[in-house]
There are 2 protein chains.
Amino acid sequence: MSLNNSILSEIFKDVSFSQKEINLIESNIEKLSLKKGSTLLKAEEIVNNQYYVYEGCLRTYFIDKSGKEHTLQFAINDWWISDYTAFFTTTKAIMNIETIQDATLYKISRKSMEDLFCKIPQLETFSRKKMERAFVSFQKRILASLTQSAKERYVSFIHTYPNIEKNIKNYHIASYLGITTESLSRIRKELTNN
Amino acid sequence: MSLNNSILSEIFKDVSFSQKEINLIESNIEKLSLKKGSTLLKAEEIVNNQYYVYEGCLRTYFIDKSGKEHTLQFAINDWWISDYTAFFTTTKAIMNIETIQDATLYKISRKSMEDLFCKIPQLETFSRKKMERAFVSFQKRILASLTQSAKERYVSFIHTYPNIEKNIKNYHIASYLGITTESLSRIRKELTNN
DNA sequence: TAGGTTTATTACCATACATCAATTTCTACC
DNA sequence: GGTAGAAATTGATGTATGGTAATAAACCTA
């Protein structure tokens, strides 16, 4: 309700709305403030929402049978986050999401999205393009895991996310790269020695 | 032109069209027959098209600096294939696509798609949902590479693609799983021994 | 600033998978 | 149906990364 046009145009970049559309979107979106270390989503929960990250830092992670955590995604300003597998297929979450830094999010439900797609077709276009970008970045990551060593992946990680690195623990990075914190530590040592 | 409604409803599942729409789509889509071993796309080429696989089997692969091939994706009946990174971002291909079995494809250009999205909004919905499914399957693959051993990934591969396995070489599977053909061979031996 | 807790590093050894080099098995074609 | 070339297997050895445990550094918080 108190959302203004400038925030909406930040969330739905490159889309412009009429006043009526703005009101409609506002009534379907909810602002959320979370302290560092909060849990946004737990495995086994029903996933009805996705979240736009206005500020802060979150991560999506999977806990395997042996209890080890594997980070699928980090999200900072201007990213969207959810357990998209569960969100899209209407199944229970297998992922967990937590805040790594204090965060301000905008929450929108699947039902709202579908409703808005019908009423505001540019939103569906926006959403399709968002999926395309996400798809591309996942494709790059798969390729990296097929072709690069742990060291190469770490180097390209810190280049791709120079700002993230300040906020997050090394063991978060390690669990994203698919290696142990010990291995990451050795890689970092090697890199500073050269 | 000679495409009938039943083929279109196979390609664009769950979407129904008026006769006028059918004609419009037909004029934007092109049937393609390729012999096994043909090249559909080479790295460095401009990517203006994506392809629906009506029958046959293809693979998208990347060649790294050392000349090694890495298979990103297989495509069989009812899958879509392209170098989507290049297709979506209008950059040159980094992937190669070849037919592993004789194939019948339907080709559609980016320009045509965009045009059709405007004229037939259900197609945009279809395309968004297609991206969502692709995104989910890539997400699963990333998770698998983070959490599973080569053996586990192979076992889940042959469960997920029981039909593909008959058509393709082991070294294609190995390059998809991110291991060598020798390692795959040892894994297969272990599995038959147990 | 001290003291406790979390995070990162280091050392030593284990393991999964890679590499190289034969060898065997499969497959396509004359 | 026999034979050449491609594909798969096997053995011996190398290397990257993992696991465990101990230590050190960073970080809270009182």
Side-chain angles (χ1 to χ4, degrees), chain A residues 35-38 57 59 61-71 74 98-102 142 144-158 164-194, chain B residues 35-38 57 59 61-71 74 98-102 142 144-158 164-194:
Chain A
K35 284 279 160 209
K36 173 177 172 175
S38 315
C57 185
R59 70 173 184 127
Y61 61 100
F62 174 76
I63 302 177
D64 70 21
K65 341 153 200 135
S66 75
K68 232 178 300 171
E69 292 184 0
H70 304 272
T71 299
F74 295 107
E98 69 174 13
T99 49
I100 292 177
Q101 294 293 317
D102 292 0
I142 292 174
S145 84
L146 289 175
T147 60
Q148 299 184 315
S149 68
K151 190 180 185 176
E152 288 169 321
R153 277 178 281 139
Y154 173 66
V155 169
S156 94
F157 177 84
I158 56 179
I164 278 190
E165 219 219 349
K166 293 160 200 149
N167 299 320
I168 64 185
K169 307 291 180 199
N170 279 343
Y171 64 79
H172 288 147
I173 301 181
S175 82
Y176 177 90
L177 296 175
I179 58 177
T180 59
T181 70
E182 293 90 339
S183 291
L184 178 55
S185 186
R186 284 171 207 121
I187 287 169
R188 287 159 55 82
K189 189 184 181 187
E190 262 190 84
L191 288 172
T192 52
N193 288 351
N194 300 344
Chain B
K35 283 280 160 205
K36 172 178 172 174
S38 315
C57 184
R59 72 174 183 125
Y61 62 100
F62 174 75
I63 303 178
D64 69 22
K65 343 153 198 132
S66 75
K68 231 179 299 171
E69 293 184 0
H70 305 272
T71 299
F74 294 106
E98 69 175 13
T99 49
I100 291 176
Q101 294 293 318
D102 293 358
I142 291 174
S145 84
L146 289 175
T147 60
Q148 299 184 313
S149 68
K151 190 180 184 174
E152 288 169 322
R153 278 178 279 139
Y154 174 66
V155 169
S156 93
F157 177 84
I158 56 179
I164 278 189
E165 217 220 350
K166 293 160 199 149
N167 298 319
I168 64 184
K169 306 293 179 197
N170 279 342
Y171 64 79
H172 288 146
I173 302 181
S175 82
Y176 177 89
L177 296 175
I179 58 176
T180 59
T181 68
E182 293 92 335
S183 291
L184 178 54
S185 184
R186 286 177 197 114
I187 287 170
R188 286 159 55 84
K189 188 182 180 187
E190 262 190 84
L191 289 172
T192 52
N193 288 352
N194 301 345

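Lettering follows sequence order; numbering is per chain, from 1. Computed from a predicted structure; not experimentally measured.
- As rounded to whole Å, 16 Å separates atom P of C/dC17 from atom CD1 of B/I173.
- In this structure, B/R188 and B/T192 have side chains that are not in contact, with every pair of non-hydrogen atoms separated by 4.5 Å or more.
- When side chains are defined from C-beta on, A/Y61 does not count as touching A/H172, because their heavy atoms never get closer than 4.5 Å.
- Considering only heavy atoms from C-beta on, B/Y154 comes within 4.5 Å of B/L191 through its side chain.
- The shortest distance between side-chain heavy atoms of A/L177 and A/I187 does not fall below 4.5 Å.
- For the pair B/L146 CG and D/dG18 P, the interatomic distance rounds to 11 Å; values are reported in whole Å.
- End-to-end axis angle for the helix from C/dT1-D/dA30 to C/dC30-D/dG1, using five pairs per end and rounding to 10°, comes out at 50°.
- Within the 4.5 Å cutoff, the side chain of B/N170 has no heavy atoms near those of the B/T181 side chain.
- If you measure from atom CD1 of A/I100 to atom P of C/dT6, you get 17 Å, rounded to the nearest angstrom.
- In this structure, A/L177 atom CG and C/dA8 atom P are separated by 13 Å, rounded to whole Å.
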Practice problem: Indicate for each nucleotide in nucleotides 5-16 of chain D, in 5' to 3' sequence, whether protein heavy atoms under 4.0 Å reach the base (B), only the sugar-phosphate (S), or nothing (-). | Solution: --SSBBBB----
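- Closest non-hydrogen pair, B/H70 versus A/T147, comes out as CD2-CG2, 3.4 Å.
- Taking atom OH on A/Y154 and atom C1' on D/dT17, their separation rounds to 17 Å, with Å as the unit.
- Counting only heavy atoms from C-beta outward, the side chains of A/I100 and A/F74 approach each other to under 4.5 Å.
- Checking side-chain atoms of A/T99 against main-chain N and O of A/S38 turns up a donor-acceptor pair under 3.5 Å.
- A/I187 places its CD1 atom 14 Å from the C1' atom of C/dT9, with the value rounded to the nearest Å.
- Protein atom CD1 of A/I179 is 14 Å distant from nucleotide atom C1' of C/dT9, rounded to whole Å.
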